[in-house]
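Down below is the structure, laid out as structure tokens.
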Amino acid sequence: MKEFWDYLTKKLKSSLTPVSYTTWVESAHPLYISGNDLHISVPSNLHKDYWERHYTEDIAIYSFELNGIELNPIIETAEDQAKKEEPATPKNNVEKTTTTGHVFHNSHLNPKYTFDSFITGSGNQMAHAAALAVAEDPGTIYNPLFIYGGVGLGKTHLMQAIGHQMIKLEPAANVKYVTSETFANDFINSIQTRTQEEFRQEYRNVDLLLIDDIQFFGEKEGTQEEFFHTFNELYANSKQIVMTSDRLPNEIPKLQDRLVSRFKWGLPVDITAPDLETRIAILRNKAEAENLEIPNDTLSYIAEQVDTNVRELEGALLRVQAYSTMNKEDITKSIAADALKSLKLNKEQNGLTVGKIQSRVAKYYRVSVNDLKGKKRVKTIVVPRQIAMYLARELTDKSLPQIGMEFGGKDHTTVMHSCDKISELVIKNDEIKRAVNELKDELRN
Ligand SMILES: Nc1ncnc2c1ncn2[C@@H]1O[C@H](COP(=O)(O)OP(=O)(O)OP(=O)(O)O)[C@@H](O)[C@H]1O
């Protein structure tokens, strides 16, 4: 089995890009041969699907080439194996390495956002595999691909990596990346300048359409209508569509049902916050790219300080770098601690807690803190409760579920809805705007 596996992987390696090889092949392991069946272990259903579609024939051909037997692959995930009685042989854990380097040029894509520079970990493994599958086989299986998750977790990076990879594999491919706002603005401009036909040509003649932050479509009826037709046209022509959002399609307020249902046709994959090991790997990769010499204990220290968001993690590294340059000292754990002290203080907002916010808001609106934490649905309590949640989100670094917990164990979607509602009212309603500003000033001092 080992001889065949070495033979197979060598063959596959010569025909795949390094990132495809690492993702699909290195993550798989042969388990055992029973009769002519070769059992292979893969990390997820996505990998399974990929192996079944791409390598079944290769395995038969190469096994025949090597020793005259046509092996038939049986691809299994850990779940499949757990369901069976057959004991699986232990897997070798192949460590994953990534390299930085490739830079491609396309006016809409950030050259840094490639698969090579994207570190995978438990929070994004599924999204990464789906993105790579789409880049290699656009418009076929996962169409549309819908990537969702919290702020700064790599959605844009992954989405653009699909664009780069597709251009790399198919240089003539027409790839278009836009934010949902740009799409909306282009559409409005086309109406004003009577160039709707050009607009349609531009958006409907692409091989891959990447639309970032689709949640902002919610408010815009006309744009949704136009996007509906763009979507249908691309879909009908088997062109790939990839979207990102901070939430699932059905959680986007005011998104038309027909779009919600279309967005669910393909595959929704989420990205969650990276664990400590992934954060360290991201920092190490970034440090290498910037030619920074940083000891491992210091990288771990920085990764421990910032646990919510990759953008902030990168910011922390830059801060440490700037601090060490300013003080003309090498980057060490103690330099990192000094550099991040102010960041920590800032984040703690001079001891501002959700509890404090609740008491101030309760006092302002002459309701009780228990009312804010409770379930009463009367307007005189609902609005202050929503404002308190909004301020907790704005002024502390607590996550949506953490805030929900402090409001009597409410769900994170309730907090999200409250924050959206108040963000909207702050623009439309002068009274709310005044209250929010006064409370913010009071709480900050
Ligand atoms: N897994 C990762 N490996 C390497 N870099 C990453 C990873 N995840 C995120 N980043 C980096 O973190 C930064 C923020 O990522 P990105 O802009 O893609 O997040 P996002 O989820 O689209 O955020 P937003 O919700 O604000 O649009 C980028 O510089 C990106 O390169």
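Position 1 is the first residue of the sequence, and the numbers go up from there. These values consider heavy atoms only, across backbone and side chains, with no hydrogens, waters or symmetry-generated copies. First listed ligand is number 1; within each ligand, the first listed atom is number 1.
At least one N or O atom of Lys155 sits closer than 3.5 Å to an N or O atom of ligand 1. Polar contact check, Val310 against ligand 1: no nitrogen or oxygen pair lies under 3.5 Å apart. On a distance-only criterion, Leu153 and ligand 1 share at least one N/O pair closer than 3.5 Å.
Between Leu372 and Met389, every side-chain heavy-atom pair lies at or beyond the 4.5 Å cut-off. The side-chain heavy atoms of Phe231 and Pro144, taken from C-beta on, include a pair separated by under 4.5 Å. Contact check for Ile40 versus Glu76: no side-chain heavy atoms found under the 4.5 Å cut-off. Using a 4.5 Å heavy-atom cutoff, the side chains of Lys176 and Glu202 are in contact.
Taking a cut-off of under 4.0 Å to the non-hydrogen atoms of Ser117, the atoms of ligand 1 that pass are 3 (N), 4 (C). The contact set between ligand 1 and Asn124, taken as ligand atoms under 4.0 Å from a residue heavy atom, comprises 1 (N). Each of the atoms 27 (O) of ligand 1 lies under 4.0 Å from some heavy atom of Asp213. Each of the following atoms of ligand 1 lies closer than 4.0 Å to a heavy atom of Gly152: 19 (O), 20 (P), 21 (O), 23 (O), 24 (P), 25 (O), 26 (O).
Contacts of Glu314 with ligand 1, taken as heavy-atom pairs under 4.0 Å, involve the side chain alone. Both the backbone and the side chain of Ile119 come within 4.0 Å of ligand 1, counting heavy atoms alone. Of the heavy atoms in Pro274, none comes closer than 4.0 Å to ligand 1.
Phe199 and Tyr203 have their aromatic ring centers within a separation under 6.0 angstrom.
For atom 28 (C) of ligand 1, the nearest non-hydrogen atom of the protein is Tyr113 OH, 3.5 Å. Taking atom 22 (O) of ligand 1 as the reference point, the nearest protein heavy-atom neighbour is Thr156 OG1, 2.6 Å.
Salt-bridge annotation for Arg247 and Asp420: present, with a side-chain N of the basic residue lying under 4.0 Å from a carboxylate O of the acidic one. Classification of Lys428 and Glu424 as a salt-bridged pair holds, one side-chain N sitting under 4.0 Å from a carboxylate O.
With Gly154, Gly315, Ala281, Ala161 as candidates, the residue nearest to atom 8 (N) of ligand 1 on a non-hydrogen basis is Gly154. Taking only non-hydrogen atoms, the option from Glu312, His157, Arg311 nearest to atom 17 (O) of ligand 1 is Arg311.
Within a 6.0 Å radius of CG in Asp330, no more than 12 heavy atoms belonging to other residues, nucleotides or ligands are found. The environment of NZ in Lys440 is crowded: more than 12 heavy-atom neighbours from other residues, nucleotides or ligands sit within 6.0 Å.
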